[in-house]
Amino acid sequence: MDINWQFIISTLPLYQKAAWITIKLGFWGTLLSLIIGLVCSIILYFRIRVLKELVEIYVELSRNTPLLIQLFFLYFGLTKLGITMSETTCAITGLAFLGGSYMSEAFRSGIEAVSKTQIESGLSIGLSQMQLIRYVILPQAFAVTMPSLAANCIFLFKETSIVGAIAIAELMHVTQDVIGMYYQTFESLFMLVVAYLIIILPLSFLLTWLERKVRYAEFGN
């Protein structure tokens with residue numbers, strides 16, 4: 001099969017713009033999901049009344065419903081309640097809502113892996129709850145959860161391919177439009193694959209390097 005390189009070059013600006021949109025959505029969605037996950041895991045660990053039940057409901061709701069349904073609810077359903085969000089805000093909110101539950105479970109498993117002896121030692125020297133979290137629990141929990149966090153980050157970047165359903169011109173949406181207009185299916189899909197590899201491979205290498213560094217720190221190297 002001959003590849004139409006001229007077509008690929010002519011559509012390159014479209015894919016570059018779409019790639020930046022994908023990176024922006026993935027970055028903010030991942031960042032917010034990390035914050036949400038950390039807060040939720042702390043609430044679950046310390047069993048804060050009322051909030052613990054709310055977090056458990058959120059985690060089950062988020063993990064057991066597809067991202068596409070969540071996006072449709074945010075974008076179309078909330079308008080019935082008088083709440084209107086832009087496409088970008090809706091996409092980032094959806095990614096953060098979905099990712100937060102996965103990050104929460106990852107952080108929770110890491111926090112629970114911290115030995116009771118470490119926690120009791122921290123309390124015995126007079127550390128407050130916040131100091132205990134900051135200096136004892138989180139550093140060790142982060143080392144344990146890093147593989148799961150890395151996997152969730154990559155997962156969320158790949159999930160950006162769903163948000164085109166609410167008319168955001170990210171990579172998948174642009175590819176579908178280009179195929180519909182020019183019928184250059186192979187070239188369009190080739191560009192899509194290359195674009196995602198350019199985005200996700202460096203992220204994967206970075207997270208692998210960070211995971212290795214954190215793992216060394218855990219063992220005192």
Side-chain angles (χ1 to χ4, degrees), residues 19 21-48 51-52 54-68 70-71 91-116 118-119 122 129-163 170-171 196-221:
I21 293 174
T22 298
I23 291 171
K24 181 175 72 172
L25 294 176
F27 172 79
W28 287 111
T30 301
L31 179 62
L32 291 175
S33 69
L34 285 169
I35 296 172
I36 293 171
L38 180 59
V39 172
C40 289
S41 63
I42 292 173
I43 291 172
L44 291 174
Y45 180 77
F46 288 103
R47 301 182 181 276
I48 301 174
L51 292 180
K52 175 179 175 293
L54 292 176
V55 169
E56 288 176 344
I57 293 172
Y58 154 66
V59 170
E60 292 301 320
L61 176 64
S62 175
R63 294 182 66 182
N64 292 288
T65 53
L67 176 59
L68 183 61
Q70 296 171 11
L71 289 173
I92 293 173
T93 302
L95 289 169
F97 183 81
L98 176 67
S101 61
Y102 285 94
M103 297 297 185
S104 172
E105 291 298 291
F107 276 121
R108 185 173 65 85
S109 64
I111 291 174
E112 291 179 350
V114 178
S115 66
K116 299 296 182 181
Q118 295 278 345
I119 297 174
Q129 292 284 10
M130 291 305 299
Q131 289 174 325
L132 189 66
I133 293 172
R134 180 179 177 183
Y135 297 112
V136 178
I137 296 176
L138 286 186
Q140 297 181 67
F142 186 72
V144 174
T145 60
M146 190 59 209
S148 297
L149 295 179
N152 288 337
C153 289
I154 294 173
F155 163 74
L156 286 176
F157 266 84
K158 291 190 291 187
E159 283 295 284
T160 57
S161 61
I162 303 295
V163 304
E170 44 74 51
L171 285 168
Y196 269 110
L197 286 176
I198 291 173
I199 293 172
I200 293 178
L201 273 181
L203 176 64
S204 178
F205 291 143
L206 175 62
L207 291 172
T208 301
W209 173 82
L210 183 59
E211 178 185 340
R212 192 180 304 115
K213 289 293 182 180
V214 170
R215 183 65 63 182
Y216 287 160
E218 181 186 12
F219 292 104
N221 294 323

Write down the atom of Ala150, the atom of Leu207, and the distance for their closest heavy-atom approach. O-CD1, 3.6 Å
Applying side-chain contact (heavy atoms from CB on, under 4.5 Å), run through Leu34 and Leu38 and close with a yes or a no. CA-CA 6 Å; Leu34 285 169; Leu38 180 59; over 6 Å; no
Of all heavy-atom pairs between Leu32 and Ala96, which one has the smallest distance, and what is that distance? CB-CB, 3.7 Å
Mind checking what makes salt bridge (charged side-chain N to carboxylate O under 4.0 Å, His left out) contact with Arg63, not counting sequence neighbours? Glu105
Could you check Tyr196 against Thr160 for side-chain contact (heavy atoms from CB on, under 4.5 Å), going step by step and ending with a plain yes or no? CA-CA 10 Å; Tyr196 269 110; Thr160 57; 3.7 Å; yes
Within the side chain of Ser204, is there an N or O that forms a donor-acceptor pair under 3.5 Å with the backbone of Ile200? no
The test is side-chain contact (heavy atoms from CB on, under 4.5 Å); show your working for Arg212 and Thr208 and say whether it passes. CA-CA 6 Å; Arg212 192 180 304 115; Thr208 301; 3.7 Å; yes
Among pairs that include at least one residue of residues 37-48, which meet side-chain hydrogen bond (donor to acceptor under 3.5 Å, both in side chains), considering only residues two or more places apart or in two chains? none
For Cys40, the side-chain contact (heavy atoms from CB on, under 4.5 Å) test, sequence neighbours excluded, returns Ile36, Val55, Tyr58, Ser104
Thr30 to Cys153 - nearest heavy-atom pair and separation: CG2-SG, 3.4 Å
Would Leu95 and Trp28 count as a side-chain contact (heavy atoms from CB on, under 4.5 Å) here? Give the steps. CA-CA 9 Å; Leu95 289 169; Trp28 287 111; over 6 Å; no
Considering residues at least two apart in sequence or located in another chain, which fulfil the side-chain hydrogen bond (donor to acceptor under 3.5 Å, both in side chains) criterion with Thr65? Gln70
Among all residues two or more places apart in sequence or in another chain, which pass the side-chain contact (heavy atoms from CB on, under 4.5 Å) test with Glu56? Leu44, Lys52
Can you list the residues that meet the ring-ring contact (aromatic ring centres under 6.0 Å, His included) rule with Tyr102, with sequence neighbours excluded? Phe155
Leu132: partners by side-chain contact (heavy atoms from CB on, under 4.5 Å), with sequence neighbours left out: Ile119, Leu123, Leu127, Gln129, Val136, Ile137
Residues that Ser62 engages under side-chain hydrogen bond (donor to acceptor under 3.5 Å, both in side chains), provided they are two or more places apart: Ser101
Sequence neighbours left out, what passes side-chain contact (heavy atoms from CB on, under 4.5 Å) with Pro139? Give chain and number order. none
